[in-house]
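Predicted model only: the values in this text are computed from it and were never measured. Side-chain atoms are counted along with the backbone in the values below, which use heavy atoms only and exclude waters and symmetry mates. Letters A, B, ... mirror the listed sequences (proteins, then strands); counts begin at 1.
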Protein chains: 2
Amino acid sequence: MATIEFWYEFASTYSYPAAWRIERLSQAARVKLVWRPLLLGPLFNRQQGMTDSPFNVVEVKGRYMWRDMERVCQAEMLPFRRPSAFPRRSLLALRLALVGAHRGWIANFSRAVYAANFGQDRDIGDPAVLAALVKEVGGDPVADLDEADTDAIKAELRDNVAEAEAKGIFGAPSFYIPNAKAEGGELFWGNDRLEQAVAWAGAH
Amino acid sequence: MATIEFWYEFASTYSYPAAWRIERLSQAARVKLVWRPLLLGPLFNRQQGMTDSPFNVVEVKGRYMWRDMERVCQAEMLPFRRPSAFPRRSLLALRLALVGAHRGWIANFSRAVYAANFGQDRDIGDPAVLAALVKEVGGDPVADLDEADTDAIKAELRDNVAEAEAKGIFGAPSFYIPNAKAEGGELFWGNDRLEQAVAWAGAH
């Protein structure tokens, strides 16, 4: 069965619609979906010397992106409210997503974090907000937040970032289709490449 | 009749497929198409402090873009060869496009310039190459290249850049749909937003 890796970061705006679309698209194409959280800050910094979101650094791009997000979310019937703070701290949420990968609730949790940040303007950097979301998706807030703080989970997130960089990833959402027969794979970047990425996975 | 403005620059890779797709899409939606050449260099410099293409500045982005262009052009059955020089000087070609707007051959000329640069690896900064393209689309190479060098045409291109900036444009291809009833309009950026932009123009 073909596999598609979904590389995402909770601070990434366009990863929100992608996270809500990818499951039905990959299921329809009979493609196995793997959720791969990553922290973009270190990548942006190493590759482009950036210390803030490009949408904050280049004002005219940010203005366009927020309007475009309104349109994209409207077309997908996803609730959207421009967050009162951007980008929000995503580190703890990303570590919790990795805990969720071990526990079986990473997909529901990731969608819930996006809806909280970009649909309801809630602070996904706040452990109390995240604890509530963990509970919502059937996790154990106390035990899972403790586990998110372990060296094993921290190392897993660092490894994800290194793997993303090795795969040529430079932004989110990214979709990576490993080549089943050889080294390497095919990379697609952006919510608007999701259909092509899934089609590629299904055909190769 | 609704109008869509197509803002493009000959050095812009993704403007190539857009230039070849936009006429049939806008005709099918009964939307009036206006070709608006612009020079991106001054915009990139003023808005983002860049002095080269972002695809050259950030190597990992460039590597991805060239592979993506291969895929996009293949899907559209457009010939593609990675140019041996990038970005090529586009100033004279853009001024000639404005001459073509007065003479009625801007659309054919613009598509021919893109095909030369990204399909055949020809130097579109070379006046001899451009003269041949002008001839191909029914223009007068000598008179039209002379006119491209006049103050009137130079001012027209500068005015286009200023108008693009006022409309919030920061890259190419961009599609702008003026609001028929009020100030302002709707902006879409990127070849992958072309369908949405045409649909917006048709519906508003």
Side-chain angles (χ1 to χ4, degrees), chain A residues 7 14 17-18 40 42-50 52 54-76 164-177 184-197 199-200 203-204, chain B residues 7 14 17-18 40 42-50 52 54-76 164-177 184-197 199-200 203-204:
Chain A
W7 291 87
Y14 289 108
L40 271 183
L43 271 197
F44 277 174
N45 190 258
R46 272 200 295 273
Q47 295 172 337
Q48 308 191 41
M50 289 193 292
D52 191 1
F55 297 123
N56 289 341
V57 175
V58 184
E59 196 209 335
V60 66
K61 274 194 156 179
R63 216 180 318 143
Y64 171 79
M65 180 276 290
W66 291 116
R67 172 64 186 135
D68 193 45
M69 274 291 288
E70 271 181 11
R71 292 187 305 228
V72 169
C73 290
Q74 192 168 29
E76 293 295 327
E165 193 164 12
K167 285 178 167 170
I169 288 170
F170 55 88
S174 286
F175 315 104
Y176 188 86
I177 297 104
E186 197 71 18
L187 178 65
F188 295 84
W189 172 52
N191 175 53
D192 35 33
R193 286 288 185 287
L194 176 52
E195 280 80 359
Q196 287 155 266
W200 185 279
H204 286 83
Chain B
W7 291 87
Y14 289 107
L40 271 183
L43 271 197
F44 277 173
N45 191 257
R46 273 201 294 275
Q47 295 172 337
Q48 307 191 43
M50 288 192 293
D52 191 0
F55 297 122
N56 289 341
V57 175
V58 185
E59 197 210 336
V60 65
K61 273 193 156 180
R63 215 179 320 143
Y64 171 80
M65 182 276 290
W66 291 116
R67 172 63 186 137
D68 193 45
M69 273 291 288
E70 272 181 11
R71 293 187 304 228
V72 169
C73 290
Q74 193 169 27
E76 294 294 327
E165 193 164 11
K167 285 177 168 171
I169 288 170
F170 54 89
S174 287
F175 315 104
Y176 187 87
I177 296 103
E186 197 72 16
L187 178 65
F188 295 83
W189 173 52
N191 174 54
D192 35 32
R193 286 289 186 284
L194 176 51
E195 281 78 359
Q196 289 156 265
W200 184 281
H204 285 84

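- At most 12 non-hydrogen atoms from other residues, nucleotides or ligands lie less than 6.0 angstrom from CD of B:Gln74.
- Crowding of B:Trp200 atom CH2: a count of heavy atoms from other residues, nucleotides or ligands under 6.0 Å exceeding 12.
- Side-chain contact between A:Arg193 and B:Asp192 is present, with at least one heavy-atom pair separated by less than 4.5 Å.
- Nearest approach of B:Phe170 to A:Val60, heavy atoms of both residues: CB-CG1, 3.7 Å.
- Atom CD of B:Gln196 sits about 7.0 Å away from atom CG of A:Asp68, to the nearest 0.5 Å.
- Contacts with chain B were tallied for A:Lys61, A:Arg71, A:Glu186, A:Arg63; A:Arg71 has the most, counting heavy-atom pairs under 4.5 Å.
- The environment of B:Glu195 atom CD is dense: over 12 non-hydrogen atoms of other residues, nucleotides or ligands sit within 6.0 angstrom.
- The residue among B:Glu165, B:Glu59, B:Arg67 with the most heavy atom pairs within less than 4.5 Å of chain A is B:Arg67.
- Nearest heavy-atom pair across B:Val58 and A:Gln47 is CG1-O, 3.9 Å.
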